[in-house]
Structure formats: C-alpha cells, structure tokens
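See structure below.
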Amino acid sequence: MGQMNEVAHPGRDLPSGLALLGIGRAAVAPAKVELERRTRRSVWSLQPQPRFDPEDETYELDARSRARGVDLRTITPPKALRFNPLLQNALDLWHSTWRESTPVLTDGALPTLIARQLDVARAVCLGRTDATIARQLGISERTVARDVATILQITQARSRGEAILNMLGRGRHST
C-alpha cells in the first residue's frame with residue numbers, strides 16, 4: 001500500500017471507496033479470486049484500453065460471477081483513478097461515462113462471437129490444438145474447427161497465427 005501511494009500520489013491516502021488488491025500479478029490474482037467469491041450484486045470495472053489477454057484469469061472469474069447473477073460492467077481500469085488526478089471520484093466518472101456511452105451492440109443484436117467461441121479464441125491464442133481445445137471445453141473437434149473458421153473470418157485472418165496477432169491487437173487488421 002505504501003509503495004502504491006508513493007508512486008501514485010505521494011503522501012495521500014487512497015480515494016474513498018477504493019482498495020488496493022495487491023502489487024503485481026502474483027499478489028492481485030488471489031485477491032481477485034477472493035473478491036469474486038464475496039461479490040453478491042455488481043462489479044464495475046473501468047478500462048480505457050481493454051486488452052485481450054488469453055492468460056488473464058478474469059475470464060473464469062467473470063463467468064462464475066455471471067452464473068451467480070452478478071451484474072458486470074466495464075469501462076476503464078481502476079489504476080487510471082490512481083494515476084490521473086482528474087479522476088478522483090470514480091462513481092461520478094462512471095455515471096457520466098455511462099450516460100455518454102453508446103452500446104457496441106444495438107438492442108437485440110447478438111455479439112460477433114458467442115461465449116464458447118471466445119473460449120476457443122483464447123485457447124487458440126495460447127497455442128492449443130483443436131483436439132486439446134475440444135477436450136478442455138467438452139465439445140467435438142468438428143465444433144472447434146467450425147469455431148476457428150468463424151474466428152478467422154471475423155478477424156479477417158488467413159491463418160491461426162494471423163488471427164492471434166489480430167486478436168492481440170498486433171496484426172494488419174487490428175488498427
């Protein structure tokens with residue numbers, strides 16, 4: 001806590017309503033698991049630059065929360081509140097951003113990829129074979145192959161490698 005306060009706002013406490021989960025992935029990961037277990041109603045996550053990280057354990061935590069009926073909303077990461085002195089009141093920022101936001105999908109529109117296809121995309125990014133993905137997700141290899149073909153089409157990729165680069169924001173179609 002002292003290290004974060006020194007880096008973020010020397011001599012100042014954390015803003016009201018915020019808590020430090022830890023410093024570094026090794027400390028934050030178990031804190032997120034415990035936080036997910038205790039969450040009952042909603043989670044608001046603020047993210048100015050969402051990144052696709054196939055190794056991020058948050059995907060599983062989000063799925064468990066959704067299964068329990070927890071309302072999950074994402075806009076910008078909490079660290080932005082620590083490093084930008086203009087963002088001291090997270091709740092005001094959230095409500096004002098929410099009012100100004102436009103949904104990515106129109107009412108009734110379906111996401112480009114369904115949840116299973118997102119799981120397949122993550123596994124592809126981790127270098128898993130169709131057989132391994134099928135075993136892990138409890139689906140057929142044929143279903144995995146169809147999902148990979150859909151992912152290639154959506155990411156405008158000619159290969160798995162190119163799709164991975166595009167999904168990670170490093171490919172020719174990721175700008």
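Nearest heavy atom pair, residue Glu162 against residue Gln156, reads OE2-O, 3.9 Å. Across every non-hydrogen atom of Ala163 and Ala157, the tightest pair is N-CB, 3.3 Å. Looking at every heavy atom in both residues, Ala134 comes nearest to Ser140 through CB-C, 3.8 Å.
With contacts defined as side-chain heavy-atom distances shorter than 4.5 Å, the pair Arg135/Arg128 does not qualify. The shortest side-chain heavy-atom distance between Gln117 and Ile154 does not fall under the 4.5 Å cut-off. Within the 4.5 Å cutoff, no side-chain heavy atoms of Val120 are placed close to those of Arg146. With a 4.5 Å cut-off on side-chain heavy atoms, Thr39 and Arg68 count as touching. Arg160 is listed as a side-chain neighbour of Asp130, based on a closest heavy-atom distance under 4.5 Å.
Linking Ile, Leu, Val, Met, Phe, Trp and Tyr residues whenever their side-chain heavy atoms come within less than 4.5 Å leaves Leu137 and Ile114 in two separate clusters. Ile164 and Leu126 are assigned to two separate hydrophobic clusters, defined by single-linkage of ILVMFWY side chains at heavy-atom distances under 4.5 Å. Using a 4.5 Å cut-off between side-chain heavy atoms of Ile, Leu, Val, Met, Phe, Trp and Tyr, with links allowed through other members, Leu168 and Ile151 fall into the same hydrophobic cluster. Note: the hydrophobic cluster containing Leu152 also contains Ile133 (ILVMFWY, side chain heavy atoms under 4.5 Å, direct or indirect links). The hydrophobic cluster containing Leu113 also contains Met167, counting ILVMFWY residues as joined when their side-chain heavy atoms lie under 4.5 angstrom apart, directly or transitively.
Environment of CD in Glu34: crowded, with over 12 heavy atoms of neighbouring residues, nucleotides or ligands closer than 6.0 Å.
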